[in-house]
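See structure below.
Scope of the values below: all heavy atoms of this structure, side chains included, with no hydrogens, waters or symmetry mates. Letters A, B, ... are given to chains in the order of the sequence lines, protein chains preceding strands, and every chain is numbered from 1.
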Protein chains: 2
Amino acid sequence: MKKHKSPSKEALFAKMRENKVKVTSQREKIIDCLLSTSQPQTAEEILAKLKKSKAPGKCDLVTIYRSLHQFEKINIVQKSFFSENSAQYCLNDLDDHHHHHHFLCKKCQKIIEVDSCLLDSQLKNLEKKGFREISHRLEFFGICPDCAA
Amino acid sequence: MKKHKSPSKEALFAKMRENKVKVTSQREKIIDCLLSTSQPQTAEEILAKLKKSKAPGKCDLVTIYRSLHQFEKINIVQKSFFSENSAQYCLNDLDDHHHHHHFLCKKCQKIIEVDSCLLDSQLKNLEKKGFREISHRLEFFGICPDCAA
DNA sequence: GTGCGTGCAAACATTTTGCAACTTT
DNA sequence: AAAGTTGCAAAATGTTTGCACGCAC
């Protein structure tokens, strides 16, 4: 399992400013929320957390969608599609651009990061066959070690 | 690249009856539609094709959703999530239960089947770590050999 | 001050549900 | 006849857009 090192808030802000994405109080709170867990979260979940926080301030669901979309464009968040109905978002490592993959436990619903380096050989294989600019989406489902025990 | 052998209509009907899923004229047409191409299709696309066919009969979009859902439950179709907004469906091989993976070309939008056996080592790895009943979803994006040439 | 960001309301798209009538087995 | 399926209308869900106001740079 890969240990996912959370980027620092300052590094994230720097990347935002670099890309002319403004740092607002709402966006800071969204980022806090993303930093607070390694679990990918839906826009609704983020909203719920913000509302429960000490200083909720004002933040609309729409703002969350728009911010996440911006964050995704500048590559600081990753969108995934575990729950079939709604997209989930989590922070990307800033340094290595390898996005990570997840494992969703059917029992405890926990989401666990998975080291995906074994896919590299498959990607090389596709390259050899003439495919180019390959990206991918990989998600696992099943029962996690804790629940299996 | 794996050659995907289409199951026969009769085999599909048999599996449906086996599972108490009734064979109706609407469902036969939906299956014809799925058989007509190896490309995963959305419910809307299937509806459009049905309406254009020689003997359109009557079939509502709702019926297509419901049928696909049934088909998915008895494992004769596979749901995928290439287009971020809507699910796409395609027939499964009936014999080997290995579902297949796809590659979506960013240029020509063609969807190509990909042999996924290289993932097996990763799955074994997860098994070793205590994960159980693992299933997965894997999709590739990029430029296909034809377009790259 | 400019341009990007925000909240609100409303639109949109996809998928699901309730129900009475109808078909397959 | 029983069980499952259909069409229609309506609802639910997740996400996007338009617009006037507001804030970061």
What integer distance in Å separates [X]:[atom1] from [N]:[atom2]?
X     : N      : atom1 : atom2 : result
B:Q70 : D:dT5  : CD    : C1'   : 9 Å
B:M16 : C:dT23 : CE    : P     : 17 Å
B:I64 : C:dT17 : CD1   : P     : 18 Å
B:L68 : D:dT6  : CG    : C1'   : 15 Å
B:L47 : D:dC8  : CG    : P     : 11 Å
A:F13 : D:dA24 : CZ    : C1'   : 13 Å

DNA chain D contacts made by residues 49-60 of chain B, counting heavy atoms under 4.0 Å:
B:K58, B:C59, B:D60

Where along residues 19-35 of chain A does a heavy atom fall under 4.0 Å from DNA chain D?
A:K22, A:V23

Gap between atom SG of B:C59 and atom NZ of B:K51 - 0.5 Å precision:
9.0 Å

Enter the distance from B:K49:NZ to B:S53:OG here, rounded to the nearest 0.5 Å.
11.0 Å

Should A:F71 and A:M16 count as side-chain neighbours, where that means a heavy-atom distance under 4.5 Å?
yes

B:H69 side chain near B:Y65 side chain, heavy-atom distance below 4.5 Å
no

Applying a 4.0 Å non-hydrogen cut-off, can you work out what B:R66 is touching in the nucleic acid: base, sugar-phosphate, or nothing?
base

Only residue of A:R27, A:K54, A:K9 satisfying salt bridge (Lys or Arg N to Asp or Glu O under 4.0 Å) with A:D32 is A:K9

Check nucleotides 13-16 of chain C for protein N or O atoms closer than 3.5 Å to its own N or O atoms and list the pairs.
| unit_1 | atom_1 | unit_2 | atom_2 | d |
| --- | --- | --- | --- | --- |
| C:dT15 | OP1 | B:A87 | N | 2.8 |
| C:dT15 | OP2 | B:Y65 | OH | 2.2 |
| C:dT15 | O5' | B:Y65 | OH | 3.3 |

